[in-house]
Protein chains: 2
Amino acid sequence: MSKSEIASGGIGNEPRLSRASVARFSLYLRHLERFERERVRNVSSSMLGEALGITDAQVRKDLAYLGNLGQPGIGYPTQDLIAALRNRLGVDRQWACVVVGAGNLARALLRYKGFEKHGFRFVALFDSDADKIGKMVEGLQVLPIQNLKETVGATGATLAVLAVPAEAAQPVADAVVEAGIKGILNFAPIMPRLPAGVSLIGVDLAIQLEQLAFLVHLSQTESKLDPR
Amino acid sequence: MSKSEIASGGIGNEPRLSRASVARFSLYLRHLERFERERVRNVSSSMLGEALGITDAQVRKDLAYLGNLGQPGIGYPTQDLIAALRNRLGVDRQWACVVVGAGNLARALLRYKGFEKHGFRFVALFDSDADKIGKMVEGLQVLPIQNLKETVGATGATLAVLAVPAEAAQPVADAVVEAGIKGILNFAPIMPRLPAGVSLIGVDLAIQLEQLAFLVHLSQTESKLDPR
DNA sequence: GGATGTGAACGACTTCACAGCG
DNA sequence: CGCTGTGAAGTCGTTCACATCC
């Protein structure tokens, strides 16, 4: 079995899920929800491909992982496809999240309403700064980090968002893992070490800006990027 | 010439830059800066590989693009490598950026000091909300969007950060392009259409959270992820 | 006809393995 | 020796092309 397959427990000849597809699943879902709002009953692989900027064959390969939902000559029933995707992605249930670090980034996240629509609910906000503890921020009271374990237990939170300075990232990561958190969205510009079984996604804004500058730099100096 | 090569204007047999390498260059730089702080004179491909979780051969392939900086038996001189990388990435100069959307996200970005160290400077902040215009936010006065073109011209800004709601993203993107911006870092959950010659990097936080939930979901249901 | 599902071909990226140099 | 630079091999992901089904 190849290394890059994300194990399907199956007998062995059902479609497998590649890492690359994983990254596209959320995008499919987003566009499908748009199609549904536009009352499109069936979507074809080429409609989705165009929306994402990939080929129709690629789309069909990806969607094959969800089972044989497509109907030749018709396409995929929008609603069924959404349901299947939500199920596979795990967003057909509620995810309770805690936020650590009560700064402006936390405010921005808590205020953004897009998360709730996708099943994410922020249930608690923590900080280590004594001045902030007890204050209300976007409807949540700032709690001391010492309360993490208790709160995670009481709320059943599974995910944590780390919006803390670089120095604090590793100890806070350790603390949330200790508290029982299974997935971390990290905004600090370091990659914390985590035990197996805890997932991590990092968003490093300085690196994103740097990549952007690089792209501009490239197109300003010599080269052409092939348009993809 | 292969499609995925990012054109090197060269004669034809110097190392080429792959899309995948591009994404790693910023990471190399980050770790190199750490090594430099730790007074490491020379770094080997295996040191960098370990830091990024990739093989040493991969590192050497990537770094070959910078020219023959490596010394057999020794490694790469840390400082030279940093200088070469900065030069290629285009972060050996200042990048002036404007921010559109004076909300909490903008506050968080403006307050974060990590950008300046990498040569990024936020020179102006815009909003369409009349209540915000004229107010000071983290040392910048909020300007009306109508001033974009003038300000971009006066400051020489090349990059724009879009921290606006989804509905506003496309018109604002059009406006900053019209004003002469060459690269956009977009936080709105849509991908704006842009003319060729303008680069775009999108950061969609809802999608990141969804990916995280998916990873946790996967590891909770069946499967094992290979640890990379 | 129109669109799916899929083996086969293709291309890109990664790893291997080793010659060559300090 | 140790470590680079690099052709060759291998692996993964994407696209092609077409049989198949509604």
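Note that this is a predicted model, so its numbers are computed, not measured.
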Could you tell me if the side chain of A:H118 sits less than 4.5 Å from the side chain of A:E33, heavy atoms only?
yes
Using whole Å, report how far CG of A:D80 lies from P of C:dT4.
14 Å
By side-chain contact (heavy atoms from CB on, under 4.5 Å), which residues pair with A:E50, not counting sequence neighbours?
none
Can you label the angle between the B:Y65 ring and the B:F25 ring as parallel, tilted or perpendicular, going by 30° and 60°?
tilted
Taking every heavy atom of A:A106 against every heavy atom of A:V99, the minimum-distance pair comes out as CB-CG1, 3.9 Å
Return the residues of residues 41-50 of chain A meeting this criterion: a heavy atom under 4.0 Å from some atom of DNA chain C. Order them by number, or give none.
A:S44, A:S45
Spacing between A:N68 atom CG and D:dA19 atom C1', to the nearest angstrom:
15 Å
Expressed as a whole number of angstroms, how long is the span from A:K61:NZ to C:dT4:P?
14 Å
Less than 4.0 angstrom between a side-chain N/O of B:T55 and OP1 or OP2 of C:dT15, yes or no?
yes
I need the CD1-P distance between A:I54 and D:dG13, as an integer number of Å.
14 Å
Identify, residue by residue, the members of residues 24-38 of chain B with a heavy atom below 4.0 Å from DNA chain D, and return them in order of residue number, or none.
none
Does anything in residues 170-190 of chain B pair up under side chain to side chain donor-acceptor pair (under 3.5 Å), and if so which pairs, sequence neighbours excluded?
B:K149-B:E178, B:Q170-B:D174
For A:L69 and C:dT6, what is the distance between atoms CG and P respectively, to the nearest whole Å?
12 Å
Is any side-chain nitrogen or oxygen of A:Y76 closer than 4.0 Å to OP1 or OP2 of C:dG5?
yes
Find the distance A:L63:CG to C:dT6:C1' and express it as a whole number of Å.
14 Å
Are B:R34 and B:E38 close enough for a salt bridge, meaning some N to O gap below 4.0 Å?
yes
If the condition is ring pair (Phe, Tyr, Trp, His ring centres under 6.0 Å), which residues does B:Y112 pass it with, not counting sequence neighbours?
B:F115
What is the distance, to the nearest angstrom, from the CG atom on A:D56 to the P atom on C:dT4?
7 Å
Whole-Å distance separating the CD atom of A:Q58 from the P atom of D:dC16
11 Å
With the criterion being N/O to N/O and under 3.5 Å, what pairs connect the protein with nucleotides 18-22 of chain C, and how long is each?
none

